Amino acid sequence: MFTVSIENGESKSFDQPLMAFDALRELVPDQVAKTFAVEIDGQPADLRKMISTDAVLRPLTFADDYGRHAFHHTSSHIMAEAVLSLWPDAKFAIGPAIDQGFYYDIDLEHKLTEEDLAKIEAQMKKLIKKRERIERFVLPRDEARDLMAKRDEIYKVELIDELPADEEISFYKQGEFTDLCAGPHLMNAAPVKAVKLLSVSGAYWRGSEKNKMLQRIYGVSFPTREELDSHLKALEEARARDHNKLGRQLGYFTTTDYIGQGLPIMLPKGTKVLQILERFVEDEEERRGYMLTKTPLMAKSDLYKISGHWDHYRDGMFVIGDADKAEEEEVFALRPMTCPFQFQAYLQKTRSYRDLPLRYNETSTLFRNEASGEMHGLIRLRQFTISEAHLIVRPDQIEAEFLGALDLAIFMLDALGLLEDVSYRFSTWDPERRDKYIGEAEEWERVQALMQGILDKSGIEYETESGDAAFYGPKLDIQIRNVFGKEDTIITVQIDFQLASRFGMTYTDKDGERRHPYIIHRTSVGCYERTLALLIEKYAGAMPLWLAPTQVRVMPISEKHVDAAYDVKNRLQAAGLRVEVDARDEKIGKKIKEGQLEKIPYFIILGEKEIADGVYAVRSRTEGDIGQMQPEPFIERLLDEVKRRVK
RNA sequence: GCCGAAGUGGCUCAGGGGUAGAGCAAUUCACUCGUAAUGAAUAGGUCGUGGGUUCAAUUCCCACCUUCGGCUCCA
C-alpha cells in the first residue's frame with residue numbers, strides 16, 4: 001500500500017505498482033489530455049514511469065520545459081515514421097527535441113526538397129490521426145543490437161555500441177516504427193495538433209566533418225493551431241528585424257562581390273555607430289585604468305611561433321607568402337588576435353610587482369580565415385574590430401581583476417540594453433583532446449578550479465561547457481541570442497597561465513625573484529560589428545538616441561523655409577547633436593514617411609508659423625507629433641536623453 | 001570546407017530557348033505644399049562571372065564568385 005498525491009492536491013492510495021500516467025488518470029482526469037510528462041518527487045520523468053512507493057506528482061504540460069521536450073520528441077518520431085513510410089530506405093541517426101522544436105538527421109538516397117516537406121507533413125497528419133499507442137520497451141544490449149542490425153539501422157547500432165555498460169537500452173514503438181530512444185514521449189501522438197516542417201539542411205553524422213553528411217529536417221509543433229500560427233508569425237517578425245536585411249536597407253553596411261566574403265563595407269551610418277561605441281568603450285576603459293595601445297596588424301611568423309598560434313591556430317590565419325617556407329625566409333601573417341603584440345609592449349622594460357596590474361586595451365582589428373560557409377552578415381566576418389585588452393596581473397590580483405573585467409562587461413551590456421539577453425558559459429578544456437591545448441594537465445585543472453571559484457563568487461549564473469576553452473586557457477563566454485535564437489559569443493574573459501612564460505614575461509617580486517604574471521584576456525563589448533548587428537536586431541533599427549547616426553532631421557515645409565532649416569541645423573549641431581536637413585522639394589507627408597522608415601528619433605517641421613515664432617514643431621519617431629517647443633528646452637531634452645543613454 | 005536554395009537596372013521583385021518588364025530610387029519640369037508616398041516626362045540592364053550545348057542562351061548544362069538556411073568552427 002502506498003499513496004500517490006498531486007502537488008497541492010488530491011491523493012489516493014494504491015496497492016499495485018502502476019504507471020505515473022494511470023495514477024494521473026485517477027487523480028486529475030480532466031488534465032491528462034494536456035499532460036505530456038510528469039515530475040515525480042521533483043524528478044522529471046516519462047509518463048510510463050512505474051510508481052510503487054509513496055510519491056508526489058506534478059503533471060508537466062507544454063508550458064514546462066520537460067513537458068514540451070516530450071511533446072517535441074514525439075513529434076520528431078512521428079516525422080521519422082512519416083519519412084520511413086514515404087522512403088523505406090531511410091536510415092535514422094538522431095532526432096532530438098530542441099529549444100524551439102525538433103529535428104531528425106536522416107540518411108536518405110533521395111534528396112529532400114521543400115515540396116517533400118509538405119508531403120511529409122501530410123503523412124504526419126495521417127499518422128497522428130491513427131492515435132496509435134506509443135509503447136516503450138527495454139532490451140538487453142545484444143538483442144537491442146540485433147533488432148537494429150536486422151533493420152539495417154547502422155547509426156543506431158553504432159549508438160548502442162557506445163552506450164555505457166550500465167545504461168538501460170530503451171525503445172519506443174508506434175505502428176511500424178521502432179526507435180532506439182531514451183524518451184520521454186507522449187502516450188500517443190494525438191496531442192500533436194499542429195506541425196510545420198521548416199527546413200532541410202545538411203548535418204554531419206556525430207557532428208564531425210570526417211563523417212557522412214546526412215539530411216536534417218527541422219520542424220516545430222504545438223498543441224493547437226493558434227500557437228503554431230503565432231509562432232510562425234513571430235518568426236516572420238524576427239525576419240524583419242534581421243540585421244543582415246535591415247542593416248543593408250537602412251544603409252548601415254553593404255557588401256560587394258569584388259572585395260570578398262566576410263568583408264563588409266561600413267557605410268557612413270554604420271561607421272558612425274561604430275565610432276560612438278568605440279569612443280564610449282575607450283573612454284570608460286580609460287576611466288578604469290586601461291592604457292590604449294596601437295599595435296601592427298601583421299607580424300612575422302616568428303611571433304606566432306612563440307605564442308603557439310602558428311601550431312594551434314594557423315588554419316584560422318591569413319598567411320602572406322608560403323607558410324611552408326617560414327624556416328628559410330620571412331613569412332608574414334595578418335593577426336588573428338592582439339595578445340602577442342601587446343605582450344611586446346610589456347616586454348619593453350623590466351617590470352616590478354609594483355607595476356602590476358597593467359591593463360592594456362586596444363580597439364583592435366583582427367583577421368581570421370573563416371571557412372567559406374561560415375560568414376553571416378556582420379555576425380561572422382573575416383575582418384573585424386574588437387574591444388580587446390590584456391591585463392597583466394600577479395596571482396594575488398587575479399580575482400579582483402577578473403571581477404573588474406566582468407563588471408565592465410556587465411556595465412557595457414547594460415548600457416546597450418543587451419544585458420537581459422545574455423547567458424554565461426564557463427568554457428573549459430577537453431582533457432581527451434590534449435593536442436588542442438598547450439600546457440600541462442594539472443595546470444589546467446588548477447587554473448580552472450581557480451576560475452570556477454571566482455565565478456561562484458561573482459554571483460552570475462553560468463553553465464559549464466567542456467572543450468570550448470582557448471588553446472591557452474579557460475574562458476568565461478558571455479553568450480547572446482540573435483533574432484533567430486541562434487547563440488553567439490559577444491564578450492569573453494579568459495585566464496591565461498601559459499603565454500607569459502612562452503614570451504618570457506616576468507616581474508620582479510618583493511623577494512627579488514623573477515616571476516611570470518598571469519594574463520587576463522578580455523573584451524568589453526566584444527566585436528564591434530557583431531555588437532552593431534545585435535543592436536540593429538534588438539531595436540529593429542531604431543537606435544536609442546545616443547547611438548542613432550542621425551538624431552534629428554529638420555524638414556522645411558517648402559522651399560521658402562530651407563534657409564531657416566539650415567539655421568536650425570547649425571544651432572543644434574553647435575549644441576552637439578547630429579542633425580541633417582531634408583531640403584528636397586517634396587511634400588511634408590513624404591518627408592515624414594521616409595524619415596519614419598529610416599527610424600530617425602526626432603524631426604523638426606519648420607514652416608511659416610515656427611519661423612515667425614522662433615519655435616520648433618517637434619515630432620518623435622515613437623510619439624508622433626508632440627507639438628511646438630522652444631529651442632532651448634528641446635535641446636535640453638535631447639542632450640539629457642543622450643546623457644542618460646535612454647533605451 | 002560540406003549539404004541545400006538563390007543571384008534579372010541603385011533597391012524590391014515579375015518573366016522565360018527567338019534582342020527584357022513593374023514599383024521605389026535617380027534626373028528634368030510643373031506644383032510651394034502642415035505631420036506616413038503630388039503629377040508628368042527622361043534616363044538606366046552584355047539577366048553574378050567564365051565556359052559549353054544550340055541556327056539562336058538571360059532561360060538548358062558545367063565550373064567559379066557572391067548571398068541565404070544548416071553542419072563543423074568561432075568574437
Side-chain angles (χ1 to χ4, degrees), chain A residues 103 105 111-114 198-218 239 242 244-245 248-249 251 254-263 313 315-316 336-337 364 366 368-381 383-388 427 467-468 470 475 477-480 484 486-492 494 521-523 525-531 533-534 555-562 585-598 603-610 617-621 624-627:
Chain A
Y103 68 79
D105 285 350
K111 295 265 179 263
L112 292 168
T113 62
E114 299 286 320
L198 296 175
S199 62
V200 54
S201 60
Y204 297 109
W205 165 233
R206 317 203 70 141
S208 167
E209 57 199 330
K210 295 189 185 80
N211 292 334
K212 181 164 183 183
M213 182 156 276
L214 311 173
Q215 301 189 70
R216 174 175 297 180
I217 306 175
Y218 280 96
R239 252 189 287 278
D242 178 3
N244 202 14
K245 204 162 168 69
R248 289 170 195 270
Q249 249 168 40
T254 187
T255 48
T256 148
D257 294 3
Y258 296 109
I259 293 182
Q261 277 191 301
L263 300 167
Y313 206 82
D315 283 351
M337 297 180 195
S364 178
L366 304 179
R368 295 187 188 172
N369 193 4
E370 301 288 349
S372 63
E374 288 309 316
M375 266 65 73
H376 168 69
L378 296 180
I379 295 277
R380 285 298 293 280
L381 300 171
Q383 179 189 319
F384 54 96
T385 299
I386 70 171
S387 55
E388 187 155 28
S427 300
D468 281 346
K475 311 193 281 180
D477 290 322
I478 304 184
Q479 302 292 109
I480 190 160
F484 297 114
K486 192 171 168 168
E487 197 179 87
D488 274 297
T489 302
I490 178 162
I491 293 175
T492 178
Q494 315 170 352
H521 305 235
R522 48 104 282 186
T523 63
V525 293
C527 167
Y528 286 102
E529 293 85 349
R530 183 175 284 184
T531 302
L534 292 161
M555 301 176 168
I557 294 282
S558 85
E559 221 175 289
K560 289 183 286 191
H561 316 114
V562 170
D585 211 358
E586 292 291 351
K587 295 180 102 165
I588 199 69
K590 178 162 185 168
K591 294 183 184 180
I592 286 168
K593 170 154 182 120
E594 291 182 1
Q596 289 281 162
L597 290 175
E598 287 175 56
F603 309 102
I604 291 176
I605 285 108
L606 211 63
E608 294 299 337
K609 285 181 276 177
E610 289 76 21
V618 180
R619 185 186 168 96
S620 117
R621 78 181 158 202
D625 186 356
I626 54 179

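The chains referred to below are lettered A, B, ... by the order of the sequence lines, with proteins before strands, and numbering in each begins at 1. Everything numeric here is computed off the predicted structure, so don't read it as measured data.
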_Residue mapping more 5' on RNA chain B - nearest nucleotide basis, A:H561 or A:C527_ = A:H561
_5' priority, RNA chain B, between A:Q215 and A:R248 [closest heavy atom]_ =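 Nearest-nucleotide comparison on RNA chain B picks A:Q215.
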Compare side-chain N and O positions of [X] against OP1 and OP2 of [N] and report whether any pair is under 4.0 Å apart.
| X | N | value |
| --- | --- | --- |
| A:T523 | B:A75 | no |
| A:Y218 | B:G4 | no |
| A:K486 | B:C73 | no |
| A:H376 | B:C74 | no |
| A:K475 | B:A75 | yes |

*For A:K593 and B:C24, what is the distance between atoms NZ and P respectively, to the nearest whole Å?*
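That distance rounds to 12 Å.
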*Grab the CG-C1' distance between A:L381 and B:U66 for me, whole Å please.*
15 Å
*Do you know which two heavy atoms are closest between A:E559 and A:D585, and how far apart they sit?*
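Closest approach of A:E559 to A:D585, heavy atoms only: OE1-OD2, 3.4 Å.
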Identify which nucleotide among [options] has an atom closest to any side-chain atom of [X], counting heavy atoms from C-beta outward.
| X | options | result |
| --- | --- | --- |
| A:K111 | B:G4, B:U72, B:C33 | B:G4 |
| A:Q261 | B:U66, B:U38, B:U35 | B:U66 |
| A:M213 | B:A75, B:G1, B:G70 | B:G70 |
| A:K560 | B:G1, B:C74, B:U32 | B:U32 |

